[in-house]
Q: 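Here it is, the structure in full.
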2 protein chains.
Amino acid sequence: MCPEQAHIPRRESGDERRIAIAHAARALIIEKGLEGLRTRDIAERVGINIATLHYHVPSKEALVALVAASLRDDFKAQALRHPKEGLDAGAQLRQEFNEFREIVAEMPELIGVLSELVDLSRRDPTIAEIILPMQAYWTGQFTKIFRTGIEDGSFRPDIDPAGAAIIVTAALSDCWRPHRRPSLEPVIAELERAFFLPVSNQG
Amino acid sequence: MCPEQAHIPRRESGDERRIAIAHAARALIIEKGLEGLRTRDIAERVGINIATLHYHVPSKEALVALVAASLRDDFKAQALRHPKEGLDAGAQLRQEFNEFREIVAEMPELIGVLSELVDLSRRDPTIAEIILPMQAYWTGQFTKIFRTGIEDGSFRPDIDPAGAAIIVTAALSDCWRPHRRPSLEPVIAELERAFFLPVSNQG
DNA sequence: CATTTTCTCAATCAAATGATTGATTGATGA
DNA sequence: TCATCAATCAATCATTTGATTGAGAAAATG
C-alpha cells in the first residue's frame with residue numbers, strides 16, 4: 001500500500017503554476033527568442049505535461065499575454081519598492097538610474113523580453129494593450145522628472161522633457177543587450193552630463 | 001508569331017532572384033516579425049515556387065544571413081552616397097541625422113529589420129558576424145564625430161565620445177518604431193542641445 | 001464516505017513548415 | 001543540332017508544433 005510515495009509530484013495551485021509558466025517562458029524567450037518559443041519547451045522546463053500547460057494557459061497567444069502581464073506586475077512592484085516622494089528632481093533621476101541598475105542585476109531578462117514584446121506590439125493588439133501603456137508609463141516618469149528639474153533649476157532649462165525621456169529610456173534599454181552591458185555606466189554618466197546643469201560645486 | 005508573349009515567366013538571373021528574395025524577406029519580417037517569417041510566404045511574394053527559392057537559397061538560415069548581408073550592402077551604399085570629408089564636426093553630426101531621416105523615409109524597413117537581427121545576433125553567431133560589425137561601424141562614426149567636435153570646440157568638452165555615440169544610435173533606432181516615429185524630430189533636436197555647446201549666435 | 005472540483009498525463013490529431021525529389025524548360029556554346 | 005547547365009515547378013516527405021481527448025489522481029466539500 002505504500003503509504004509513503006517518495007516521488008509524489010507536489011501539486012501546485014493554479015496561480016503558482018501560472019507564475020512558474022510565465023517565468024519559464026521569459027527565460028526561454030531570452031534563450032531562443034520569440035520565434036523559437038515552443039510550448040513543449042516551456043512545459044518541460046516547468047516540469048509538467050503539455051496538456052497541463054494548456055489546462056492553465058489555454059493557448060500560445062494567451063501565454064504570451066501572460067508573459068506580458070507578468071512583466072507589468074514585476075515593473076509595478078519594483079516601482080512601488082522605491083518611493084520617490086520628497087526627492088528633488090536630480091535625486092529622482094538618479095533613483096531611476098539605480099532602479100534600472102537593479103533590474104539589470106536582479107531580473108536581467110526583464111528588459112530583453114520587454115523589448116521583444118514592444119516589437120510584437122506592432123502586430124499584436126492584445127500585447128500592445130499591455131505593453132505600450134507600461135512603456136509609456138516608464139517614459140512618462142522621466143518626462144515628469146525633467147519637467148520638475150527644469151523648474152527647480154537643476155536641469156538645463158532648454159530641455160524638451162518628452163524628447164529627453166525617450167532618449168534616456170532608449171539608451172538604457174539599448175545597454176541591456178549583452179554586448180552593450182559594459183557601456184551601461186558610461187552611458188548613465190553621459191546622460192547625467194547631458195541634462196544636469198553644470199554646477200562647479202556639484203559633487 | 002506572337003513576338004510579345006504577355007505571360008512568359010521571365011527567367012531571372014541568380015543574382016536578381018537573390019536580391020528579390022532578400023527584399024521580399026525584409027518586407028515580410030516587418031509585417032510578421034522574424035517569428036512569423038515563412039519560406040512559403042517569401043516564395044509567393046517573389047512569385048516563385050518553394051523549390052526554386054531553395055535552389056537559390058539553400059536553407060532558412062542562409063536566407064536570414066542573406067537578409068543581413070543585404071542590409072549591410074544598403075547601409076554601405078547609403079554611407080558612400082554622403083561623403084563627409086571637409087565638413088566640421090557639427091556639420092557631420094547634422095549630416096548623420098539627415099542620413100537617418102533619409103533612411104526612415106526611403107527604406108523604412110531597414111532599421112526595423114536591423115533591430116530584429118541585432119536581437120538575433122545574441123543567439124546566432126553567423127548573423128552576429130554580419131550585423132554587429134555594421135552596428136559597431138555606425139556607432140563608431142558618431143564616436144569619431146564627437147571626438148573631433150570636442151577638439152574643435154563645437155561640442156561640450158566633457159562628452160564621453162563612445163557613451164554619447166551609444167545614446168545617439170539608441171535614441172534614433174528607438175524612433176524608428178511606428179509609435180515613436182512622430183518623436184524623431186524632437187529627439188534629434190534634443191540630442192543637438194545635449195551635445196552642442198550653447199553658442200548665442202549659432203543659428 | 002460520497003461528490004465535486006482541481007490538477008495531471010499518455011496518446012493522439014491536424015495543420016504548418018522546412019526541405020527534397022525528379023522532371024521540365026529555355027538558353028548557350030561547340 | 002546536340003549536349004550542358006541554370007532555372008523552374010508539382011508533388012511529396014519528415015518533422016515540428018499547437019492543441020485536444022479521455023481517463024484518472026489528489027484535494028476540497030458536504
Side-chain angles (χ1 to χ4, degrees), chain A residues 1-25 28-29 31-68 120 123-124 126-127, chain B residues 1-25 28-29 31-68 120 123-124 126-127:
Chain A
M1 268 146 235
C2 194
E4 279 282 326
Q5 284 162 334
H7 64 296
I8 26 162
R10 171 86 181 88
R11 207 142 180 184
E12 305 280 346
S13 88
D15 278 345
E16 285 166 349
R17 274 278 186 255
R18 287 167 62 88
I19 290 174
I21 290 170
H23 280 118
L28 282 166
I29 288 173
E31 285 174 34
K32 319 257 193 145
L34 217 43
E35 75 276 13
L37 186 65
R38 300 287 175 261
T39 53
R40 277 170 172 73
D41 296 342
I42 300 169
E44 187 186 20
R45 181 152 307 194
V46 176
I48 59 177
N49 187 279
I50 316 173
T52 306
L53 184 138
H54 272 94
Y55 169 79
H56 291 287
V57 185
S59 70
K60 194 181 182 181
E61 227 190 350
L63 189 139
V64 177
L66 174 71
V67 170
L120 181 55
R123 305 160 234 132
D124 186 330
T126 310
I127 302 301
Chain B
M1 264 156 247
C2 188
E4 280 284 325
Q5 283 163 334
H7 65 294
I8 27 162
R10 172 87 180 85
R11 210 142 179 181
E12 304 280 347
S13 86
D15 277 345
E16 285 166 348
R17 272 281 183 255
R18 288 168 62 88
I19 290 173
I21 290 170
H23 280 115
L28 282 166
I29 288 173
E31 286 174 34
K32 319 259 193 143
L34 217 43
E35 77 275 14
L37 186 65
R38 299 289 173 260
T39 53
R40 278 170 171 75
D41 296 343
I42 300 169
E44 187 185 22
R45 180 152 307 193
V46 176
I48 57 176
N49 187 278
I50 316 172
T52 306
L53 185 137
H54 273 93
Y55 170 79
H56 290 286
V57 185
S59 70
K60 194 180 182 182
E61 227 189 350
L63 190 138
V64 178
L66 174 70
V67 170
L120 181 55
R123 307 161 232 131
D124 186 331
T126 309
I127 303 301

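Labels below follow one simple rule: chain letters A, B, ... track the order of the sequence lines, proteins then strands, and each chain is numbered from 1.
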Q: May I ask you to evaluate whether T52(B) reaches the phosphate of dC9(D), defined as a side-chain N or O under 4.0 Å from OP1 or OP2?
A: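 Yes, T52(B) has a side-chain N/O under 4.0 Å of OP1/OP2 on dC9(D).
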Q: Can you tell me the distance, in whole Å, between the CG atom of L63(A) and the P atom of dT17(D)?
A: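 Distance, rounded to whole Å: 15 Å.
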Q: For residues 46-58 of chain B, which residue pairs pass the salt bridge (Lys or Arg N to Asp or Glu O under 4.0 Å) check, not counting sequence neighbours?
A: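 For residues 46-58 of chain B, and leaving out neighbouring residues, there are no salt bridge (Lys or Arg N to Asp or Glu O under 4.0 Å) pairs at all.
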Q: Atom CD1 of I21(A) and atom P of dC7(C): how far apart are they, to the nearest Å?
A: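 Distance check: I21(A) CD1 to dC7(C) P gives 11 Å.
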Q: Of all heavy-atom pairs between V46(A) and A24(A), which one has the smallest distance, and what is that distance?
A: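 Looking at all heavy atoms of both residues, the shortest contact is CG2-CB, 3.6 Å.
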Q: Using 0.5 Å steps for rounding, measure from the CD1 atom of I21(B) to the CD1 atom of I42(B).
A: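 With rounding to 0.5 Å, CD1 (I21(B)) is 8.0 Å from CD1 (I42(B)).
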Q: Taking only the side-chain nitrogens and oxygens of H56(A), find out if one of them lies under 4.0 Å from OP1 or OP2 of dT6(C).
A: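 Negative; the distance criterion is not met.
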Q: R17(B) side chain N/O closer than 4.0 Å to the phosphate oxygens (OP1, OP2) of dT8(D)?
A: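 For dT8(D), OP1/OP2 do have a side-chain N/O of R17(B) under 4.0 Å.
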Q: I'd like a list of close polar pairs between nucleotides 18-20 of chain C and the protein, N/O only, cut-off under 3.5 Å.
A:
{"unit_1": "dG18(C)", "atom_1": "OP1", "unit_2": "K60(B)", "atom_2": "NZ", "d": "3.0"}
{"unit_1": "dG18(C)", "atom_1": "OP2", "unit_2": "T39(B)", "atom_2": "N", "d": "3.1"}
{"unit_1": "dG18(C)", "atom_1": "OP2", "unit_2": "T39(B)", "atom_2": "OG1", "d": "2.9"}
{"unit_1": "dG18(C)", "atom_1": "N7", "unit_2": "R40(B)", "atom_2": "NH1", "d": "2.6"}
{"unit_1": "dG18(C)", "atom_1": "O6", "unit_2": "R40(B)", "atom_2": "NH2", "d": "3.0"}
{"unit_1": "dA19(C)", "atom_1": "OP2", "unit_2": "H54(B)", "atom_2": "NE2", "d": "3.1"}
{"unit_1": "dA19(C)", "atom_1": "OP2", "unit_2": "K60(B)", "atom_2": "N", "d": "2.8"}

Q: Could you give the CG-to-P distance, from L53(B) to dA11(D), as a whole number of Å?
A: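 Result: 19 Å.
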Q: Does dC7(C) have its OP1 or OP2 closer than 4.0 Å to a side-chain nitrogen or oxygen of Y55(A)?
A: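 Yes, within the criterion.
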Q: So which pairs with a foot in residues 31-48 of chain A pass side chain to side chain donor-acceptor pair (under 3.5 Å), sequence neighbours left out?
A: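 Passing the test, one end in residues 31-48 of chain A: E31(A)-R45(A), E35(A)-R123(B).
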Q: Apply side chain to side chain contact (heavy atoms under 4.5 Å, CB included) to residues L53(B) and L63(B) and explain how you reach the verdict.
A: CA-CA 9 Å; L53(B) 185 137; L63(B) 190 138; 3.9 Å; yes
Q: For the residue pair A62(B) and V57(B), what are the closest heavy atoms and their distance?
A: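 Answer, listing the atom of A62(B) first, then V57(B): C-CG1, 3.7 Å.
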Q: What is the distance, to the nearest angstrom, from the CD atom on E35(A) to the C1' atom on dT17(D)?
A: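 Distance, rounded to whole Å: 15 Å.
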Q: Taking atom P of dA27(D) as reference, at what distance in whole Å does atom CD of E16(A) sit?
A: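 My rounded result for the distance is 13 Å.
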